[in-house]
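The next block holds one structure in the form of structure tokens; read it before the comments.
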2 protein chains.
Amino acid sequence: MAGPHTLAETERQVQARLGDLTLDFEAMAVVSNLFRAANAVRNHLERTVLAPADLTWTAFVVLWVVWIWDRVETRTIAAEGGFSKATLSGVLSTLESRGLVERARSESDGRLVDVTLTTAGRKLMRGLFPQFNDEERAITRHVEDLGSAAAMLRAMTLATE
Amino acid sequence: MAGPHTLAETERQVQARLGDLTLDFEAMAVVSNLFRAANAVRNHLERTVLAPADLTWTAFVVLWVVWIWDRVETRTIAAEGGFSKATLSGVLSTLESRGLVERARSESDGRLVDVTLTTAGRKLMRGLFPQFNDEERAITRHVEDLGSAAAMLRAMTLATE
DNA sequence: TGCGATTGGTTTGGGCCCGAACGATCGAGC
DNA sequence: GCTCGATCGTTCGGGCCCAAACCAATCGCA
């Protein structure tokens, strides 16, 4: 949200429009930078790692969750990935048509659908994830304390729930 | 990406699949938490502040940039907002049809288009932004050092460019 | 001055994204 | 057994999202 302009300049402009209100500019800067970072990182990873494999961001997240947990119910994937079940339904259909995942109705509960990776899906993830992690390392290389960075982000996530 | 499961459990699963490779789990956790936070914050703000005004996230960002800078070229909006010019073109059409912004071809350069807020657009932002900032304050209330948090996020953004 | 290269915004096509509505299934309590 | 409420995945409609193709305007450079 806040961009090439300086922070001070942005504050000045906001103050000019809402001078009579008390605002929290530090909070504004943090939220703004959160989205700039997430956007930049996502675009970067999509271009460098995902595009060559013809995968979208969300498709990769779905594959990742299924890969880690081997056999997952769709509701779990949606919760872990942070998107709606409606979105997941479409992405799963795409991945299924490409032969990367398989849907199977649960035997113990007829409402649930279990998802697993096909052999092709597992092979793809095994090749992709190391590249992905290399980029993650590069992206965070200038972050001093990774542990406290993760904790800070978790604090924001929790504060919204 | 990483969700209800514990971090240690996730690492164990990844290690089981890629045990022979060196991975950076701390970097993985930071990137993962970055997206969880951004998703959670965005969804929260959309539901609490934006939905009542019938605005999407991107539409609000566009309005915000134009509001701050009064008269902006579309290329600037796209750069500040962090999305493509193709996306912007569609969102601007939506906002224009709702009477919140106006497009005007630049007089000095026939390729450029300047965007301004209408009176209705300014009125909307004046009412909306204080609510938005209140939520931003609440979201960051458990972050100890807002300054270093913003710096950390900036470091990640810069590392991808 | 002329013309190829660059820049800027829009359009197009395909995919993601959500809330709401829907049909199927399950389970608690009678 | 039966029913009512809750849960699950899918579908639908509308909007966002991007890359690539496109056209108009401008610039660079001889």
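Residue numbers begin at 1 in each chain, while the letters A, B, ... track the order of the sequences.
In this structure, A/Asn39 atom CG and D/dC16 atom P are separated by 15 Å, rounded to whole Å. Taking atom CD of residue B/Glu96 and atom C1' of nucleotide C/dT10, one finds them 13 Å apart after rounding to whole Å. Residue A/Asn43 contributes atom CG, which lies 11 Å from atom P of D/dC17 at whole-angstrom precision. Atom pair B/Leu50:CG and D/dC16:P shows a separation of 12 Å (rounding to whole Å applied). Taking atom CG of residue B/Leu55 and atom C1' of nucleotide D/dC16, one finds them 14 Å apart after rounding to whole Å. Taking atom CG of residue B/Asp54 and atom P of nucleotide D/dC16, one finds them 10 Å apart after rounding to whole Å. Rounded to an integer number of Å, the gap from A/Glu73 CD to D/dT10 P is 13 Å. Summarising the geometry, the separation between CD on B/Glu46 and C1' on C/dG19 is reported as 12 Å, rounded to the nearest angstrom.
Residue contacts shown for B/Thr87 include a base, since a base heavy atom lies under 4.0 Å away. Residue contacts for B/Ser89: at a heavy-atom cut-off of 4.0 Å it reaches a base atom on one of the strands shown.
Near DNA chain D, defined here as any heavy-atom distance below 4.0 Å, the residues from residues 99-114 of chain A are A/Arg103, A/Arg111, A/Leu112, A/Val113, listed numerically.
Across the interface with DNA chain D, nearest-nucleotide mapping of B/Ala86 and A/Leu88 shows A/Leu88 to be the residue nearer the 5′ end. Mapped onto DNA chain C by nearest heavy atom, A/Lys85 and A/Ala59 fall at different nucleotides, with A/Ala59 at the one closer to the 5' end.
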Full working for ring-ring contact (aromatic ring centres under 6.0 Å, His included) between A/Trp64 and A/Phe132: CA-CA 11 Å; A/Trp64 190 78; A/Phe132 200 86; 8.5 Å; no
Evaluation steps, ring-ring contact (aromatic ring centres under 6.0 Å, His included), between B/Phe129 and B/Trp67: CA-CA 10 Å; B/Phe129 186 74; B/Trp67 183 57; 5.6 Å; yes
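Looking at B/Thr58 and B/Thr56, their side chains never bring a donor and an acceptor atom within 3.5 Å of each other.
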Write down the protein N/O and nucleotide N/O pairs, taken from nucleotides 13-15 of chain D, whose separation is under 3.5 Å; answer none if there are no such pairs.
none

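Distance alone, capped at 3.5 Å, is enough to place a donor-acceptor pair between the B/Asn33 side chain and the B/Ala29 backbone. Side-chain N or O atoms of B/Arg103 include none that pairs as donor or acceptor with a backbone N or O of B/Val113 at under 3.5 Å.
For B/Arg42, the listed nucleotide lying nearest its side chain is D/dC17; candidates were D/dG9, D/dC17, C/dC18.
Under 4.0 angstrom from either OP1 or OP2 of C/dG9 there lies at least one side-chain N or O belonging to B/Thr74.
What you find for A/Arg141 and B/Ala159 is that their closest heavy atoms are NH1-O, 3.5 Å.
Between atom CG of residue B/Leu117 and atom NZ of residue B/Lys123 there is a gap of 13.5 Å, rounded to the nearest 0.5 Å. Once rounded to the nearest 0.5 Å, the distance linking NE2 of B/His44 with CD of B/Glu136 reads 10.5 Å.
Here B/Gln131 pairs with nothing under the side chain to side chain donor-acceptor pair (under 3.5 Å) rule; sequence neighbours left out.
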